[in-house]
Amino acid sequence: MKTIEVPGKLFLTGEYSVIRGGYALLAPLKPAYSYGCGPEASLHPESPCGRFLAEFNLSSDRGGIFETGGPGPGFGSSTAELIAASRSFGTDAWEPAELLEWYQSRFPDASGADLLVQAVATRDSGVLYSFSGRGDVETVRPGPGILRRILLFKTSSSNKLPTHLDLQRRRPELDPGVLDPLCRGVARALQGGFEEGFLNLNEFARRLSEAGYETPYAREIRESLLKQAGVWAVKGCGAGLHDVFLVILRSDADSGLSAQITRHAESLGIIPIGELQERLW
């Protein structure tokens with residue numbers, strides 16, 4: 001079997017509310033996860049990939065899927081693994097829409113936004129994606145130079161918050177009617193011509209924090225980064241807004257600001273992974 005490559009993913013905004021049909025923005029990321037298959041592969045039986053292979057009796061003689069590269073945990077590895085399995089062992093019927101339907105029916109607490117974006121991202125490059133209504137995906141083309149002002153930092157693997165544990169917590173339900181306009185404003189800002197829309201990231205994070213969706217660790221990191229001169233907006237991403245941090249620099253920021261913010265981020269214990277321009281699929 002040839003190696004199958006699936007991009008990673010990052011929720012820019014909209015996590016949690018997207019589970020209730022809300023609007024979210026996602027970025028497919030490189031380097032891609034790379035997968036092979038064979039009898040030596042070991043999968044957790046309750047993982048999406050493990051359940052897929054067991055349900056359709058696809059792994060008994062050909063083994064499972066094993067990962068050979070990628071951006072690491074926290075960037076959509078479980079959904080990438082499922083996509084690779086469907087392409088390796090499935091049939092032509094397993095197009096992205098059909099795979100999304102299967103996934104949402106087996107994992108109702110997940111939106112499937114990451115799965116669908118990772119599955120369709122190979123059709124294009126250099127674009128972001130919106131996801132809404134439990135299945136509508138559209139491309140969002142960034143304006144010139146904007147992605148170079150978005151710095152990415154990740155939490156160390158020892159501090160990562162397991163998504164399945166986070167989803168077990170009981171918190172107030174979020175209202176997509178309130179949060180969707182914030183996310184759509186960010187989409188406009190990313191496409192150029194509405195710089196103030198990036199401030200919606202701060203408001204989105206504040207609202208989720210007040211509702212108990214942001215971890216104390218993530219809030220401390222976010223507030224410290226936001227105090228730095230020349231920073232326009234900061235938001236954590238993923239479970240607990242805890243795994244990856246977006247830092248948006250002002251459009252008039254001087255050339256040395258990126259290095260200054262990176263030094264400050266490292267002092268907080270988070271790891272620089274580059275500009276979004278560099279990491280976008």
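- Contact detail for Ala80 and Tyr35: the closest heavy-atom pair is CB-OH, 3.4 Å.
- Residues Glu81 and Ser47 approach most closely at OE1-OG, 4.1 Å, considering heavy atoms.
- Cluster annotation: Val247 and Leu128 are assigned to distinct hydrophobic clusters (Ile/Leu/Val/Met/Phe/Trp/Tyr, side-chain heavy-atom contacts under 4.5 Å, transitive).
- Shown here are the ring-ring contact (aromatic ring centres under 6.0 Å, His included) partners of Tyr103, two or more places apart in sequence or in another chain: Phe107.
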message: Between Glu214 and Lys235, does the salt bridge (charged side-chain N to carboxylate O under 4.0 Å, His left out) criterion hold? Intermediate values first, please.
response: CA-CA 10 Å; Glu214 183 182 44; Lys235 180 188 161 290; over 6 Å; no
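- A salt bridge links Arg141 and Asp124; the closest N-O separation between the charged side-chain nitrogens and carboxylate oxygens is under 4.0 Å.
- A salt bridge does not link Arg263 to Glu266: none of the charged side-chain nitrogens sits closer than 4.0 Å to a carboxylate oxygen.
- Salt bridge annotation for Glu223-Lys227: absent, with no cationic side-chain nitrogen under 4.0 angstrom from a carboxylate oxygen.
- For Tyr33 (side chain) and Gly72 (main-chain N/O), a donor-acceptor pair under 3.5 Å exists by modelled atom type.
- A salt bridge is absent between Glu275 and Arg279; no separation between the charged side-chain nitrogens and carboxylate oxygens falls under 4.0 Å.
- Ion pair Glu55/Arg106 flagged as a salt bridge, since at least one NZ, NE, NH1 or NH2 atom sits closer than 4.0 Å to an Asp/Glu carboxylate oxygen.
- The aromatic ring centres of Tyr16 and Tyr213 sit less than 6.0 Å apart.
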